[in-house]
Chemist: 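Once you've had a glance at the structure underneath, I'll fire off some questions.
Proteins come first, then strands; the chains are lettered A, B, ... in the order of their sequence lines, and each starts at number 1. Excluded from the calculations below are hydrogen atoms, water molecules and symmetry mates; all remaining heavy atoms, backbone and side chain alike, are included. Just so it is clear, the model here is predicted, and its values are computed rather than measured.
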There are 2 protein chains.
Amino acid sequence: MDDAQHQYVDRVATFFTMFGSARAWAEILGWLMICEPAERTQAEIAEDLGLSAGTVSTQLRAHVQLGMVEQVRVRGDRTQRYRLRSGAWFEVMSSELGRIHAMGEIARAAGPVLPQVRPERVTELADLADFFAREWPPLLERMQANLTKGQS
Amino acid sequence: MDDAQHQYVDRVATFFTMFGSARAWAEILGWLMICEPAERTQAEIAEDLGLSAGTVSTQLRAHVQLGMVEQVRVRGDRTQRYRLRSGAWFEVMSSELGRIHAMGEIARAAGPVLPQVRPERVTELADLADFFAREWPPLLERMQANLTKGQS
DNA sequence: GCACAATTTCAGTATTGCCTGAATTCATTG
DNA sequence: CAATGAATTCAGGCAATACTGAAATTGTGC
């Protein structure tokens with residue numbers, strides 16, 4: 001891991017940390033974006049980034065559960081390898097749909113306490129959630145079409 | 001503030017807390033969505049939610065800076081009043097564009113360390129950011145058209 | 001089934017960041 | 001300009017969480 005790589009990992013980590021993610025989580029993400037080879041063991045990641053084995057285990061699991069990272073099994077080698085999933089970023093955008101629905105739920109749950117004055121404080125949120133619930137799936141389709149076209 | 005209102009504030013607070021926001025920040029947001037009248041002073045919010053004056057001051061400023069809440073000056077009254085901005089939720093979606101550009105920057109900044117193998121780990125992010133940078137503005141326009149239509 | 005290495009778990013420690021409460025500053029009215 | 005009340009600031013306490021390091025567990029290959 002040379003200076004430029006270290007710098008880049010730091011930049012990515014700083015960026016994602018701004019949104020509340022753990023430092024180690026973000027560093028692992030940044031490193032998996034640029035490391036070579038793309039597949040790495042937990043021990044290597046720990047060594048490369050100067051993190052403890054425990055931290056790598058925990059944060060790597062978080063990445064796997066989010067669908068950003070996948071495990072690669074190599075025959076004849078007992079070590080598990082991890083790498084950034086192809087389509088990882090797309091996955092993140094797809095999962096946004098769940099949060100959109102949750103927003104709609106929140107807005108609808110306000111029924112019993114809907115204010116007399118300026119009820120749009122709540123209804124605007126409901127409209128927004130409905131709008132995105134409608135628009136998001138076709139947007140994802142266009143996005144996928146756009147990406148597959150670009151990689152040719 | 002009756003039981004049902006308290007319950008709703010708690011629900012909203014729990015939801016936004018999941019994304020890393022401070023509890024007080026989220027409670028204030030939930031309360032401003034349903035309180036009557038819609039305009040409230042810092043002292044009232046502190047009293048209603050059982051928060052200290054300092055906390056309300058700090059978190060309310062955060063809301064104002066994000067564009068979610070606006071200050072209302074009432075003539076002949078020295079107390080400032082605060083309320084949820086009309087179009088507050090729309091504002092949040094608009095500001096997303098800034099984060100999209102930041103993502104693109106991150107992807108482009110990888111130039112010097114672009115991996116030989118599986119470079120799509122980085123380029124997919126760049127494509128994604130470019131796609132959303134293109135799609136977001138028209139989406140916002142459709143969204144605004146949709147909302148104004150609904151409120152008639 | 002055994003041995004070995006990788007991974008996970010977990011108790012303890014460090015750190016971060018929220019919240020409070022009191023002192024200070026600011027703004028408005030008389 | 002003085003008085004009054006609201007808003008802000010900030011040091012300190014506290015709770016939540018990230019990280020470490022070592023022990024326990026798991027899973028391969030021989």
Side-chain angles (χ1 to χ4, degrees), chain A residues 6 9-10 12-32 35 37 39-66 68-83, chain B residues 6 9-10 12-32 35 37 39-66 68-83:
Chain A
H6 195 279
V9 168
D10 188 61
V12 172
T14 300
F15 179 73
F16 284 100
T17 299
M18 279 175 29
F19 303 124
S21 79
R23 178 84 196 173
W25 183 93
E27 281 188 13
I28 291 172
L29 176 59
W31 183 223
L32 287 180
C35 64
E39 295 78 18
R40 293 199 93 75
T41 67
Q42 289 200 11
E44 285 169 353
I45 294 171
E47 167 65 19
D48 296 338
L49 297 173
L51 296 169
S52 74
T55 298
V56 173
S57 173
T58 303
Q59 301 301 336
L60 213 40
R61 178 180 21 259
H63 278 300
V64 171
Q65 283 178 346
L66 281 173
M68 293 286 294
V69 169
E70 62 189 352
Q71 302 175 0
V72 188
R73 306 196 136 279
V74 177
R75 243 182 63 91
D77 189 354
R78 88 183 47 180
T79 64
Q80 187 81 262
R81 289 177 184 282
Y82 297 84
R83 70 172 175 211
Chain B
H6 194 281
V9 168
D10 187 62
V12 172
T14 301
F15 178 73
F16 284 100
T17 299
M18 279 174 30
F19 302 125
S21 79
R23 176 85 197 173
W25 183 94
E27 280 188 14
I28 291 171
L29 176 59
W31 183 223
L32 288 181
C35 64
E39 295 78 19
R40 294 197 92 74
T41 67
Q42 289 200 11
E44 284 169 352
I45 294 172
E47 168 65 20
D48 296 337
L49 297 174
L51 296 170
S52 75
T55 299
V56 172
S57 174
T58 303
Q59 300 302 335
L60 214 38
R61 180 185 12 264
H63 278 301
V64 171
Q65 283 177 346
L66 281 172
M68 293 287 293
V69 168
E70 63 190 351
Q71 303 176 0
V72 188
R73 305 197 135 279
V74 177
R75 241 180 65 88
D77 190 354
R78 87 183 49 181
T79 62
Q80 187 81 262
R81 290 178 183 282
Y82 296 83
R83 71 173 174 210

Chemist: How is Thr79(A) classified with respect to the nucleic acid when contacts are heavy atoms under 4.0 Å: base, sugar-phosphate, or nothing?
Modeler: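 The residue Thr79(A) makes sugar-phosphate contact but no base contact.
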Chemist: Are more than 12 heavy atoms from other residues, nucleotides or ligands located less than 6.0 Å from atom CD of Gln71(B)?
Modeler: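 Yes, enclosed.
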Chemist: Look at all strands and tell whether Gly50(B) reaches a base, only sugar-phosphate, or nothing, counting heavy atoms closer than 4.0 Å.
Modeler: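 Contact class for Gly50(B): sugar-phosphate only.
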Chemist: Is there a side chain to side chain donor-acceptor pair (under 3.5 Å) between Ser52(B) and Thr55(B)? Walk through the geometry before answering.
Modeler: CA-CA 5 Å; Ser52(B) 75; Thr55(B) 299; 3.0 Å; yes
Chemist: For dT28(D), does either OP1 or OP2 sit under 4.0 Å from a side-chain N or O belonging to Gln80(A)?
Modeler: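 No, no such contact exists.
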Chemist: Could you tell me whether the phosphate oxygens of dT16(C), OP1 or OP2, come under 4.0 Å of any side-chain nitrogen or oxygen in Arg23(A)?
Modeler: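 No, because none of the side-chain N or O atoms of Arg23(A) sits under 4.0 Å from OP1 or OP2 of dT16(C).
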Chemist: Let's go through Leu32(B) and Cys35(B) carefully: what are the C-alpha distance in whole Å and the side-chain angles of both, what is the deciding distance for side chain to side chain contact (heavy atoms under 4.5 Å, CB included) to 0.1 Å, and is it a yes or a no?
Modeler: CA-CA 6 Å; Leu32(B) 288 181; Cys35(B) 64; 4.1 Å; yes
Chemist: Look at the side-chain N and O atoms of Thr55(B) and state whether any lies under 4.0 Å from the OP1 or OP2 oxygen of dC19(C).
Modeler: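 Checking Thr55(B) against dC19(C): no side-chain N or O falls below 4.0 Å of OP1 or OP2.
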Chemist: Base, sugar-phosphate alone, or nothing: which one does Arg81(A) contact when heavy atoms must sit under 4.0 Å apart?
Modeler: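 Arg81(A): no heavy atom of the nucleic acid under 4.0 Å.
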Chemist: Quick check: on DNA chain D, is the nucleotide nearest Gly20(A) upstream (toward 5') of the one nearest Ala53(A), or the reverse? Name the residue that is more 5'.
Modeler: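 Between the two, 5'-proximity favours Gly20(A).
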Chemist: Do any side-chain nitrogens or oxygens of Ser57(B) fall under 4.0 Å of OP1 or OP2 in dA7(D)?
Modeler: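 Answer no for this pair, as no side-chain N or O of Ser57(B) is under 4.0 Å from OP1 or OP2.
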Chemist: Within less than 4.0 Å of OP1 or OP2 of dT9(C), is there a side-chain N or O belonging to Arg61(A)?
Modeler: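 So the side chain of Arg61(A) is within the cut-off, an N or O lying under 4.0 Å from OP1 or OP2 of dT9(C).
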Chemist: Please determine whether a side-chain nitrogen or oxygen atom of Gln42(A) lies at a distance below 4.0 Å from atom OP1 or OP2 of dA5(C).
Modeler: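 Negative; the distance criterion is not met.
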Chemist: Side chains of Arg40(B) and Tyr82(B): does their closest heavy-atom pair fall under 4.5 Å?
Modeler: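 Of all side-chain heavy-atom pairs linking Tyr82(B) with Arg40(B), none is under 4.5 Å.
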Chemist: Within the 4.0 Å heavy-atom criterion, would you say Ala24(A) contacts the bases, only the backbone, or no part of the nucleic acid?
Modeler: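 If one applies the 4.0 Å heavy-atom cut-off, Ala24(A) turns out to touch the sugar-phosphate alone, with no base involved.
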